[in-house]
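Have a look at the structure below, then the notes.
Remember, it's a predicted structure, so these values are computed and weren't measured experimentally. Letters go in sequence order (proteins before strands), and every chain restarts at 1.
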Protein chains: 2
Amino acid sequence: MFTSVYSRQVTSSREVRKGARPRGISDATVARLPAYHRALTSFLDRGVTTVSSEELATAAGVNSAKLRKDLSQLGSYGTRGVGYDVDYLVFQIARELGLSQDWPVVIVGIGNLGHALANYGGFASRGFRIAALVDASPGLAGEVVNGLEVQPLSALERIVSDGRVCIGVVATPAGSAQSVCDRLVAAGVTSVLNFAPVPLQVPEGVDVRKVDLASELQILAFHEQRKQTSHEPATGLAG
Amino acid sequence: MFTSVYSRQVTSSREVRKGARPRGISDATVARLPAYHRALTSFLDRGVTTVSSEELATAAGVNSAKLRKDLSQLGSYGTRGVGYDVDYLVFQIARELGLSQDWPVVIVGIGNLGHALANYGGFASRGFRIAALVDASPGLAGEVVNGLEVQPLSALERIVSDGRVCIGVVATPAGSAQSVCDRLVAAGVTSVLNFAPVPLQVPEGVDVRKVDLASELQILAFHEQRKQTSHEPATGLAG
DNA sequence: AAGTGTGAATTGATTCACAGCC
DNA sequence: GGCTGTGAATCAATTCACACTT
């Protein structure tokens, strides 16, 4: 009976399904489509024309049953006894991922990470265009990074609405992340990639994904600690 | 009967459990502990001594039922009718995460991202110490980043074994990621954080976590595309 | 009265295993 | 004979709802 007042952090396609067409693709599957697309283009580059679920799964780092279940959600694009046509499948996945259009992205916070993201070639090659770089510090405004002049925070609203930007990247310190996010959303951004180590509150209809570098290391450290204590000789009694 | 020849990419505590003590914490829970720890230290800084599951959950961006289930896996550290003692709980989670010891980390690949990681303050403050920076390019060797001289790839084995480094960060181009990973593992690294957009094959007992920046944007773009097509006027018949 | 800890119920994801097709 | 597509079975994670403690 009691549902949370706060809008969901989780990126769920389940609730977007409202009046859309019957095609419902699970979140877990969507999250793997980029890996499949990447593996397929690699096969394409090497001139491979057909792959089995086993081959593609290995290249993408999953098992073949999962791959087939995933692909079956997009449609029946394979041929029994043969496999998948690389050309055709790469096209279908690209269409599903919206790779045909190019997505303007604004990056807010041009510190170490923002700098790296601004220079990162992997975005441009996958349909993302960096529309603008924004930073609050007056010292940075005017500096040119990867051919783009860093804009002051006051320009944010104009950049988003003039450039029809719907994806924002938050690479600010934790303290300013929420207010930057609020301004992005108010200006029209509906998808946010958050690198700040705080959960962002956003209204219904806005998607947030979080990348937390320190947490990733901490998760590894947790398992590392387990390995070390379990290798410890059983003779060492704790004092 | 038939299990994959390839070792698992997935970071599962399930299989590490072998001869360890009964304390089994699910992967989903482990992945959230860093967020709880961060939220708690923030309460601590503000002088808060006690929190309810509702308050802590909100600060960490989860719901309270999930938080309580997660914490109950660590032990019964709360007081019914009262809540959790911030000081005590932050200590327990820190211990669980291995935050008491400091973990030497080697970063391989000092491009844009490697640079940013080398300068990133978030690691040092959470128990990670950057032991060395390594890059294959002779042009970079000798350059000083954040007080550390970039070492040639040939120094990798010595760095890992001399420094007892067990966590490696792969920030190389896709093409060299697997070979760098192989060398890290051969030298003694048992946890790898992979920023290269390829799945890494590692032997049993080695954990890999992957951060794929372009994929994160693609996942957002997928949902974005859904929003846009569902807002489209129904009157526009396709030709 | 307030709020934790936890069984039970539910929902979601993965894996199995095989019928059906090429 | 080989391989996809998919129901059925399994496994894991989340949510519910309330007994129990302070």
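- OP1 and OP2 of C/dG3 both lie 4.0 Å or more from every side-chain N or O belonging to B/S53.
- Taking every side-chain heavy atom of A/S26 into account, C/dA13 is the closest of D/dG5, C/dA13, D/dA19.
- Of the possible donor and acceptor atoms, one in the side chain of A/Q178 sits under 3.5 Å from a partner among the backbone N and O of A/Q201.
- Closest to the A/A28 side chain, of the nucleotides D/dT6, C/dG5, C/dT14, is C/dT14.
- In this structure, the CG atom of B/L71 is 15 Å from the P atom of D/dT15, given to the nearest Å.
- Per the geometry, CG belonging to A/D70 stands 16 Å off P belonging to C/dG12, to the nearest Å.
- Candidate nucleotides C/dA13, C/dG3, C/dC16 were compared by shortest atom distance to the side chain of A/A65, and C/dC16 ranks first.
- Rounded to an integer number of Å, the gap from CD of B/Q73 to P of D/dA12 is 13 Å.
- Of the options B/Q228, B/H223, B/E224, a side-chain hydrogen bond (donor to acceptor under 3.5 Å, both in side chains) to A/T190 is made by B/E224 and by none of the others.
- Closest contact between the side chain of A/S72 and the listed nucleotides C/dA13, D/dA13, D/dT6 involves D/dT6.
- Between A/Y84 and D/dG5 there is a side-chain polar atom (N or O) within less than 4.0 angstrom of OP1 or OP2.
- Annotation: proximity of residues 31-41 of chain B to DNA chain C (heavy atom, distance under 4.0 Å) is found for no residue.
- Checked by atom type and distance alone, the side chain of B/S176 never pairs as donor or acceptor with a backbone atom of B/T172 at under 3.5 Å.
- At distances below 3.5 Å, at least one donor-acceptor pair connects side-chain atoms of A/N194 with backbone N or O atoms of A/V198.
- Residues A/S42 and A/R46 have side chains that bring a donor and an acceptor to within less than 3.5 angstrom of each other.
- Heavy-atom nearest nucleotides on DNA chain D were determined for A/K69 and for A/G81, and the one closer to the 5' end corresponds to A/G81.
- Between A/K66 atom NZ and D/dT4 atom P there is a gap of 17 Å when expressed in whole angstrom units.
- Relative to the side chain of A/T79, the nucleotides D/dG5, D/dT21, C/dC22 differ in distance, and C/dC22 lies closest.
- A close approach under 4.0 Å does occur between a side-chain nitrogen or oxygen of A/N63 and OP1 or OP2 of C/dT15.
- Expressed to the nearest 0.5 Å, how far CZ of B/R68 lies from OG of B/S52 amounts to 9.5 Å.
- Whole-Å rounding puts the A/L56 CG to D/dT4 P distance at 10 Å.
- When the nucleotides D/dA17, C/dC22, C/dG3 are ranked by their closest atom to the side chain of B/R68, D/dA17 comes out on top.
- Rounding to whole angstrom units, CG of residue B/D85 and C1' of C/dT4 are separated by 15 Å.
- Here the side chain of B/R80 is nearest to one of D/dC16, C/dT4, C/dC22, namely C/dT4.
- Spacing between atom CD of A/Q92 and atom C1' of D/dT4 amounts to 16 Å, rounded to whole angstrom units.
- In this structure a side-chain-to-backbone donor-acceptor pair under 3.5 Å is present from A/S26 to A/T29.
- If you take CG of B/L89 and P of C/dG3, they are 16 Å apart, rounded to a whole angstrom.
- A/Y77 pairs in a ring pair (Phe, Tyr, Trp, His ring centres under 6.0 Å) with only one of the listed residues (A/F91, A/Y88, A/Y84), which is A/Y88.
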